[in-house]
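Atoms within a ligand are numbered from 1 in the order they appear, just like the ligands themselves. This chain uses plain numbering: 1 for the first residue, then up along the sequence.
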Amino acid sequence: MEIIKKSKHMVSTSELLKSKGEKIGLVPTMGYLHKGHMSLISRARAECSKVIVSIFVNPMQFGPEEDFARYPRNFKKDCSLCQKAGADYIFFPSTDEMYEKDFKTFAEVQDLGDIMCGRERPGHFRGVCTVVLKLFNIIRPNIAYFGQKDYQQVVIIKKMIKDLNVPVEIAECPTVREKDGLAISSRNKYLSYDERKNAVVLFQSLKLAEELIIKGQENLENIRKAAIEKLESTPFVSKIDYFDFRDNDTLCEIERIDQKAERILIASAIWIGETRLIDNILIENNF
Ligand code: AMP
């Protein structure tokens, strides 16, 4: 496994691989790798002849009050996990390497980037799109792997590559969870023992909403109320950013169950103490 820090070197390496007919799989990450990332790398390993994991904590996608500085990092451990998972390269650029002093160009998907997490985190998806587009241009992967845990992110990236004709296939990978159901995330590290125990309520509230829909409840406002009540009555839940029912494709809000969305996305973002967590589930809309 080779570690590459310079974009120029990454570009020439990718060009060489492609000239040899290799199929390149890219797994973009911010590091502090866990089982969720590992599942993406394993799938890339199974489907591609060369696997590149990028590790870059992207300052552009963090707001000024957010956790960029304290975001967990452990490059040494990440390297050994990538090696174990069979990655061929780690692309590990510095911030200066990705954003030169006179950097002025951004990629932004309108509207989709302003709802849900985008409403609470202005500029977040612009930062995500800009860095992902840069990674695609540097690495030119055949397939790029993203987790459904960040569902809105996948929808936005798919829209960007469609609108801008970026020649890459996007693979969506299911959310990997802890035994109790909590979605694995690098940010779970911030949680105290008691916060961690209670954080599972996020997944449980999504499952509660699913259960009520499956039981035949049609009034989504009432279902949202029940889910929010459950969240609000749980210790350490300090804020609920949103609890939404959306079309899985367009991210338009669904007001009634009989609407024609193929699948319904139930997505939520909450704060446990000082830590913001997101999660979502998809359910078939065939009731
Ligand atoms: P991050 O390092 O948090 O930016 O995540 C890098 C990629 O891993 C993104 O595509 C995430 O959606 C994905 N990912 C993060 N956590 C999980 C998880 N628990 N299950 C599946 N994919 C995940």
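Under a 4.0 Å criterion applied to the non-hydrogen atoms of Phe146, ligand 1 contributes the atoms 10 (O). Counting atoms of ligand 1 from 1 in the listed order, those under 4.0 Å from a heavy atom of Leu40 are 7 (C), 8 (O), 10 (O), 13 (C), 22 (N). Of all the atoms in ligand 1, the ones that sit under 4.0 Å from a non-hydrogen atom of Thr29 are 2 (O), 6 (C).
Summarising the contacts of atom 20 (N) of ligand 1 with Val154, Val176, Val27, Val128, the nearest heavy atom is found in Val176. Residue nearest to atom 17 (C) of ligand 1, selected from His34, Gln61, Met30, Arg177: His34 (by heavy-atom distance). For the residues Gly36, Gly31, Ala183, Ser185, the heavy atom positioned nearest atom 23 (C) of ligand 1 is part of Gly36. Counting heavy atoms only, Asp150 comes closest to atom 14 (N) of ligand 1 of the residues Ile184, Thr175, Asp150.
Counting only residues at least two apart or in different chains, ring pair (Phe, Tyr, Trp, His ring centres under 6.0 Å) contacts with residues 80-134 comprise Phe75-Phe92, Tyr99-Phe103, Phe103-Phe106.
Nearest protein heavy-atom contact of atom 1 (P) of ligand 1 is His37 NE2, 3.6 Å. Here the heavy atom of the protein found nearest to atom 21 (C) of ligand 1 is Pro174 O, 3.4 Å. With respect to atom 6 (C) of ligand 1, the closest heavy atom belonging to the protein is Pro28 O, 3.3 Å.
Considering backbone and side-chain atoms together, Gly147 places an N or O closer than 3.5 Å to an N or O of ligand 1.
A salt bridge links Glu97 with Lys6: the distance from a Lys NZ or Arg NE/NH1/NH2 to an Asp or Glu carboxylate oxygen falls below 4.0 Å. Remark: Arg196 does not engage Asp194 in a salt bridge, criterion side-chain N to carboxylate O under 4.0 Å. The pair Arg224-Glu221 meets the salt-bridge criterion, since a charged nitrogen lies less than 4.0 angstrom from a carboxylate oxygen. Salt bridge Asp247/Arg263: absent, no basic N to carboxylate O contact under 4.0 Å.
Under the 3.5 Å distance criterion, with hydrogens and angles disregarded, no donor-acceptor pair is assigned to the side chains of Tyr151 and Glu172.
Counting only heavy atoms from C-beta outward, the side chains of Met160 and Cys129 approach each other to under 4.5 Å. Side-chain contact between His37 and Ser186: present, with at least one pair of heavy atoms (C-beta onward) separated by less than 4.5 Å.
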